[in-house]
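Working notes, beginning with the structure itself.
The figures that follow rest on heavy atoms only: side chains count, while hydrogens, waters and symmetry mates do not.
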Amino acid sequence: MSRLEGRVVLITGAGRGIGRAAAQRFAREGAALVLAARGTEETGALTEELRAQGATALAVAADMNDEAAVRALMEQAIAELGRIDVLLTCAAAGPAAAPTTDLTLEQWRAVLDVDLTGVFLACREAGRHMLRAGYGRIVNLTSFHVVATYPERSAYVAAKAGVAGLSRALAVEWGGRGVTVNTIAPGPIRTDRTAWFLANDPSAQTGMIGRTPTGRIAEAQEVAALAAYLSSEEAGHVTGQTIVIDGGWTSNAWWGEHPWQAPLAPR
């Protein structure tokens, strides 16, 4: 496919997980890529891999909650590739897992700085360029925690809910000027970040799969495919939406074996 041929895509948090999978997918779709992360060790290797496949790719180090660094990232992308057509924000901090009564202000700020303020800065700076051009696609990663959550994740939930709200606000503000803004809320996804957790807590993996109607944990490439669609011309009338991709995990209230997994009851 070449739905993004000639488009310039900037991906934050591109070194691993969903960001890395998205870079690979967008390259196959024909996009030129700016891959941003705190360092360039992982994105540099990914850039070389994509270039070897014929893609245009640039690795840039940027701290996404540093206003000057974010502005410099956007300026470098435009200076080297001419514009920014698509922004995909994947940079995220892990949740500060603690009872809210024990959560320090520093822990709270550390999560919100990356997971919400960093997204705001990226959207604001990329949005300025997109609005001048009269065209843009912004896709922000949030989390299933905006729909259903579990205890001791208050800072993370607040940040991710903030991203969904910010995205809706921007969609309304910028929709008439050619810029769409959507969020993707992944459920349990098999990535580097979750691999250790799943490997070291088999009951968690069993519980996740048991509750998921599709009977499996999603792959990062599936989220990347949705991001590619939302970044394309085909999604030009899709904006202000939060799309959950979780195999039905957050819709399922069943507490035991799924009916299709349990033996059929005698008639």
Side-chain angles (χ1 to χ4, degrees), residues 4 6-15 18-20 22-23 26 31-40 42-44 46-47 56-93 109-142 159-184 227-228 230-232 235 239-242:
L4 299 172
R7 297 299 188 190
V8 177
V9 178
L10 192 156
I11 303 175
T12 72
I18 294 171
R20 178 183 178 86
F26 280 53
L33 297 165
V34 180
L35 308 180
R38 283 185 180 272
T40 57
E42 292 174 326
T43 53
L46 178 58
T47 294
T56 298
L58 170 69
V60 181
D63 183 343
M64 297 310 298
N65 62 357
D66 182 321
E67 185 174 21
V70 174
R71 186 173 293 122
L73 165 66
M74 303 297 168
E75 290 173 352
Q76 183 175 351
I78 292 168
E80 299 206 27
L81 296 179
R83 63 187 185 279
I84 301 169
D85 298 305
V86 177
L87 170 68
L88 172 62
T89 63
C90 299
R109 285 175 171 164
V111 174
L112 267 71
D113 280 352
V114 176
D115 289 356
L116 180 54
T117 302
V119 174
F120 160 70
L121 290 173
C123 289
R124 187 188 69 183
E125 295 304 317
R128 286 170 172 168
H129 298 291
M130 292 174 177
L131 291 169
R132 284 196 290 267
Y135 179 90
R137 300 279 187 269
I138 296 176
V139 181
N140 294 319
L141 249 66
T142 178
K160 292 302 185 179
V163 170
L166 170 67
S167 301
R168 285 194 300 274
L170 296 180
V172 171
E173 186 175 342
W174 295 348
R177 299 174 66 184
V179 179
T180 65
V181 187
N182 293 287
T183 61
I184 297 175
L230 291 173
S231 301
S232 72
T239 194
Q241 303 304 305
T242 296

Quiz item: Which atom names give the shortest non-hydrogen contact between L46 and A23, and what distance separates them?
Solution: CD2-CB, 3.8 Å
Quiz item: Is L121 close to M64 at the side-chain level, that is, under 4.5 Å between some pair of heavy atoms?
Solution: no
Quiz item: What's the spacing between I11 CD1 and I18 CD1 if we round to 0.5 Å?
Solution: 11.5 Å
Exercise. Return the minimal non-hydrogen interatomic distance between A37 and T43, and the atom names on each side.
Key: CB-CG2, 3.8 Å
Quiz item: Taking only residues two or more places apart in sequence, or in another chain, which ones meet E125 in a salt bridge (Lys or Arg N to Asp or Glu O under 4.0 Å)?
Solution: R71, R128
Self-check item: Pairwise salt bridge (charged side-chain N to carboxylate O under 4.0 Å, His left out) hits with a residue in residues 57-66, at least two apart
Solution: R38-D63
Self-check item: Pair listing, side-chain hydrogen bond (donor to acceptor under 3.5 Å, both in side chains) test, anchored in residues 172-182, at least two apart
Solution: none
Practice problem: Check side-chain hydrogen bond (donor to acceptor under 3.5 Å, both in side chains) between S231 and all other residues, then give those that pass, not counting sequence neighbours. | Solution: none
Quiz prompt | Where at least one partner belongs to residues 109-121, residue pairs that pass side-chain hydrogen bond (donor to acceptor under 3.5 Å, both in side chains), sequence neighbours excluded | solution = none
Quiz item: Which residues pass the side chain to side chain contact (heavy atoms under 4.5 Å, CB included) test with A31, sequence neighbours left out?
Solution: L4, V9, F26, L33
Quiz prompt | Residues forming a side-chain hydrogen bond (donor to acceptor under 3.5 Å, both in side chains) with R83, sequence neighbours excluded | solution = D85
For residues 131-138, dump all side-chain donor-acceptor pairs below 3.5 Å to protein atoms at least two apart in sequence or in another chain.
unit_1: R132; atom_1: NH2; unit_2: H129; atom_2: ND1; d: 2.8
unit_1: Y135; atom_1: OH; unit_2: E233; atom_2: OE2; d: 2.6
unit_1: R137; atom_1: NE; unit_2: S232; atom_2: O; d: 3.2

Self-check item: Interatomic distance, T89 atom OG1 to L10 atom CG [nearest 0.5 angstrom]
Solution: 10.0 Å
Quiz item: For A91, does its backbone N or O pair with a side-chain atom of T12 as donor and acceptor, under 3.5 Å?
Solution: yes
Quiz item: If you round to the nearest 0.5 Å, how far is CG of L35 from OG1 of T47?
Solution: 4.5 Å
Quiz item: CZ of F120 to CG of N140: how many Å apart, nearest 0.5 Å?
Solution: 12.5 Å
Self-check item: Non-neighbouring partners of T183 that pass side-chain hydrogen bond (donor to acceptor under 3.5 Å, both in side chains), sequence neighbours left out
Solution: T242
Quiz prompt | Atom of A62, atom of A69 and distance for their closest heavy-atom approach | solution = CB-O, 4.3 Å
Name the atoms and distances for all side-chain donor-acceptor pairs under 3.5 Å in residues 72-81, with sequence neighbours left out.
unit_1: Q76; atom_1: NE2; unit_2: E80; atom_2: OE2; d: 3.2

Practice problem: Would you name the heavy atoms of C90 and G19 that are closest together and state the gap between them? | Solution: SG-CA, 3.8 Å
